[in-house]
Peer 1: 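Structure below; questions to follow.
Any value given below was found using the heavy atoms of this structure, including those in side chains, with hydrogens, waters and symmetry copies removed. Whatever order the structure lists ligands and atoms in, that order sets their numbers, starting from 1.
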Amino acid sequence: MKRRGAKRPSNKMKGTLGKHFQVQFHHHQSSSATSSSIFTRNLLDFGSQDDPSTSVPDLDAADDKDFILSQDFFCTPDYITPDNQNLMNGFDCNKEHIPCPKSPEKLNTLKSKRPRQDGILVNPLSPTLSGSQQIVELASDNFDADEGNLEKTIISGVQKTKNYVSQSAVALRCRVMPPPCIKNPYLKDASEVDTDPFGNQRSKCAGFFPAIIGGDGLSRYHTDFHEIEQIGTGHFSRVFKVLKRIDGCLYAVKHSTRPLHQETERRKALMEVQALAALGSHENIVGYYSSWFENEQLYIQMELCDYSLSRKSSTQLFTEGEFLRAMHQMAKALQFIHEKGIVHLDVKPDNVYVKNGVYKLGDFGCATLLNKNLPVEEGDARYMPQEILNENYDHLDKVDIFSLGVTIYELIRGSPLPESGPQFLREGKLPLLPGYSLQFQNLLKVMVDHDPVRRPSAKELVENPIFDKVSKNTKA
Ligand SMILES: Nc1ncnc2c1ncn2[C@@H]1O[C@H](COP(=O)(O)OP(=O)(O)OP(=O)(O)O)[C@@H](O)[C@H]1O
Ligand SMILES: [Mg+2]
């Protein structure tokens, strides 16, 4: 068991969390050995007075630390997660011949959770969130009082000892810190809360925890994930393939390339995760798991895909059937989001990912509301129709249809579009595409029609008979 930057607690426990410790300790003593033996052994180590290496040199100082350290003990997964967890059981991500586990599939089924019978913490080793959620609730509930105590503690602690509040306690507080709490405009039944109810406390805490803001390694990203490699860059972000330490699964984590200093910048960045969260799960939309702010950057944990359409190599050239499958699956993604009142506004090969042969729409950084209640920030101009360049936002859903048509056209053409975009397509002039059926070419032509009203809706596109032969086989 590795403890990051924390000092050994005395065996005296104070406060509520001390009681939790005793409850937990009892729980682990009485539970069967295999799953909890390491944890139990370490708990015993902590209590041992015989072993000189575990003795506490300064009991007075330790008394002062009891509350925070006992809280540390339960709240940070790092205490129960070896630093080299990714190497456990001989699992080595750097060895190519060993298959890495994939992100778990997102299920559409609804699950109900059995209500808890007791009021105490459940097994902290459980990979479920229940333990940590309880801690977060506890800390939030006592936020004001706790804040006051913490302030005093820090002030007196600075005089007594340099590391009065352990780094892990600081990390814990960072996690308890709520991100900007703003109304999700994509949710139809959003509550009336539209401001940050914790703004006051957050600014106080920012002063207390310069280490978090300075980024000296107390990082949720690095605590929870093992970074494997960079898999993508965009104009605003970098995307990494990561292994989540606690569940051993692979994910993609995207984070902004530069700090978002202004509240307005952070709110804008949040639109992407709010759209993803409001949309929920769909087979043809990249799965969203979690997001958080760290060092003024927004981190987004997503389903890991294999590659984006723009990276499809020349050896994997499309046939008409494959184009139809890609188009059909993107049309289904667009139908799903449009029916929820959301438009993507940045459909392009870069933002269509492939996972196990299934096409997934990603990068909701430009997503907005169909009803124009949110500002419109169009995506890559090369894929935008003329009406958007003219700032006419009356048919935003049809913008996505145009962009999908241009995306397919670009892939057929096999070379990047001109920087200014395909003006000929905007004028409704689709060049002949030898080798492709007339039905297919006509469909593409109507998708990029100059008049948005004449373009099919996503629903009409999904239901087009041209897809009859591909709809039974959804995988490419
Ligand atoms: N979930 C994922 N799985 C695999 N690769 C991904 C994933 N998300 C993003 N990528 C890769 O990272 C690249 C950049 O991601 P993304 O498009 O989200 O960033 P961005 O900065 O918002 O982009 P843009 O420049 O289009 O605004 C993608 O084109 C893709 O290649
Ligand atoms: Mg992108």
Peer 1: For ligand 1, which atoms have a heavy atom of Val286 less than 4.0 angstrom away?
Peer 2: 1 (N)
Peer 1: When you measure from the Mg ion (ligand 2) to the N, O or S atoms of Asn351, does any of those distances fall below 2.8 Å?
Peer 2: yes
Peer 1: Minimum heavy-atom separation for Lys254 to Ser237, with atom names?
Peer 2: CE-OG, 3.1 Å
Peer 1: Need the ligand 1 atom indices (1-based, order shown) with element for anything under 4.0 Å from a heavy-atom of Asp350.
Peer 2: 28 (C), 29 (O)
Peer 1: Of the choices Gln230, Lys355, His235, His255, which has the non-hydrogen atom that lies closest to atom 25 (O) of ligand 1?
Peer 2: His235
Peer 1: Do me a favour and list the nearest non-hydrogen protein atom to atom 7 (C) of ligand 1 with residue, atom name and distance?
Peer 2: Tyr353 CE1, 3.6 Å
Peer 1: Applying side chain to side chain donor-acceptor pair (under 3.5 Å) between Asp400 and each of His338, His395, Arg455, report the one that passes.
Peer 2: His338
Peer 1: Check all N, O or S atoms of Asp363 and name the one closest to the Mg ion (ligand 2).
Peer 2: OD2
Peer 1: For the atom pair CD (Glu272) and CG (Asp363), what is the distance rounded to the nearest 0.5 Å?
Peer 2: 5.5 Å
Peer 1: Show the nearest heavy-atom pair for residues Gly280 and Phe336, with the distance to one decimal.
Peer 2: O-CE2, 4.3 Å
Peer 1: So, are Arg266 and Glu263 salt-bridged, with charged N and O less than 4.0 Å apart?
Peer 2: yes
Peer 1: Which of the atoms in ligand 1, numbered in the order shown and given with their element, are less than 4.0 Å from a heavy-atom of Asn351?
Peer 2: 17 (O), 26 (O)
Peer 1: Return the closest protein heavy atom for atom 19 (O) of ligand 1 as residue, atom name and distance.
Peer 2: Lys254 NZ, 3.5 Å
Peer 1: Need the ligand 1 atom indices (1-based, order shown) with element for anything under 4.0 Å from a heavy-atom of Lys348.
Peer 2: 26 (O)
Peer 1: Write out the residue and atom name of the closest protein heavy atom to atom 26 (O) of ligand 1, then the distance separating them to 0.1 Å.
Peer 2: Asp363 OD2, 3.0 Å
Peer 1: What is the nearest protein non-hydrogen atom to atom 11 (C) of ligand 1, stated with its residue, atom name and distance?
Peer 2: Gly232 CA, 3.9 Å
Peer 1: Return the closest protein heavy atom for atom 1 (N) of ligand 1 as residue, atom name and distance.
Peer 2: Glu303 O, 2.8 Å
Peer 1: Is it the case that over 12 heavy atoms from other parts of the model lie below 6.0 angstrom from the CZ atom of Arg454?
Peer 2: no
Peer 1: Return the closest protein heavy atom for atom 5 (N) of ligand 1 as residue, atom name and distance.
Peer 2: Ile231 CD1, 3.6 Å
Peer 1: Do any nitrogen or oxygen atoms of Phe236 come within less than 3.5 Å of a nitrogen or oxygen of ligand 1?
Peer 2: yes
Peer 1: Any atoms of ligand 1 less than 4.0 Å from a non-hydrogen atom of Thr233? List them with their elements.
Peer 2: 13 (C), 14 (C)
Peer 1: Could you walk me through whether Asp394 and Lys372 pass the side-chain contact (heavy atoms from CB on, under 4.5 Å) test, one step at a time?
Peer 2: CA-CA 8 Å; Asp394 288 343; Lys372 299 188 276 183; 2.9 Å; yes
Peer 1: Please report the shortest heavy-atom distance between Phe364 and Leu361, naming the atom on each side.
Peer 2: CE1-O, 3.6 Å
Peer 1: Would you mind telling me which of His255, Gln301, Glu227 makes a side chain to side chain donor-acceptor pair (under 3.5 Å) with Tyr221?
Peer 2: Glu227
Peer 1: Do any nitrogen or oxygen atoms of Glu272 lie less than 3.5 angstrom from nitrogen or oxygen atoms of ligand 1?
Peer 2: no
Peer 1: In the protein, which heavy atom is nearest to atom 6 (C) of ligand 1, and how far is it?
Peer 2: Val239 CG1, 4.0 Å
Peer 1: For ligand 1, which is the ligand I care about here, please tell me if Asp306 has any N or O atom under 3.5 Å from one of the ligand's N or O atoms.
Peer 2: no
Peer 1: What class does the angle between the rings of Phe225 and Tyr251 fall in, given that below 30° is parallel, 30 to 60° is tilted and above 60° is perpendicular?
Peer 2: perpendicular
Peer 1: Under 3.5 Å, is there a donor-acceptor pair between the side chain of Lys360 and the main chain of Glu283?
Peer 2: yes
Peer 1: Does Asp346 bring an N, O or S atom to within less than 2.8 Å of the Mg ion (ligand 2)?
Peer 2: no
Peer 1: Within ligand 1, which atoms have a heavy atom of Ser237 less than 4.0 Å away?
Peer 2: 19 (O), 20 (P), 21 (O), 22 (O)
Peer 1: Salt-bridge test for Lys398 and Glu387: reply yes if a basic N is under 4.0 Å from a carboxylate O, no otherwise.
Peer 2: no
Peer 1: List every atom of ligand 1 that sits less than 4.0 Å from any heavy atom of Gly234, numbering the atoms from 1 in the order shown and giving each element.
Peer 2: 14 (C), 19 (O), 20 (P), 21 (O), 23 (O), 25 (O)
Peer 1: If every non-hydrogen atom of Leu345 is compared with every non-hydrogen atom of Cys366, which pair is closest and at what distance?
Peer 2: CB-O, 3.9 Å
Peer 1: Among protein heavy atoms, which sits nearest to atom 31 (O) of ligand 1, and what does the distance come to when rounded to 0.1 Å?
Peer 2: Ser308 OG, 3.3 Å
Peer 1: Under the side-chain contact (heavy atoms from CB on, under 4.5 Å) rule, what do Ile401 and Asp397 come out as? Steps first, then yes or no, please.
Peer 2: CA-CA 7 Å; Ile401 302 295; Asp397 50 343; over 6 Å; no
Peer 1: If you measure every N/O of Ala252 against every N/O of ligand 1, is any gap under 3.5 Å?
Peer 2: no
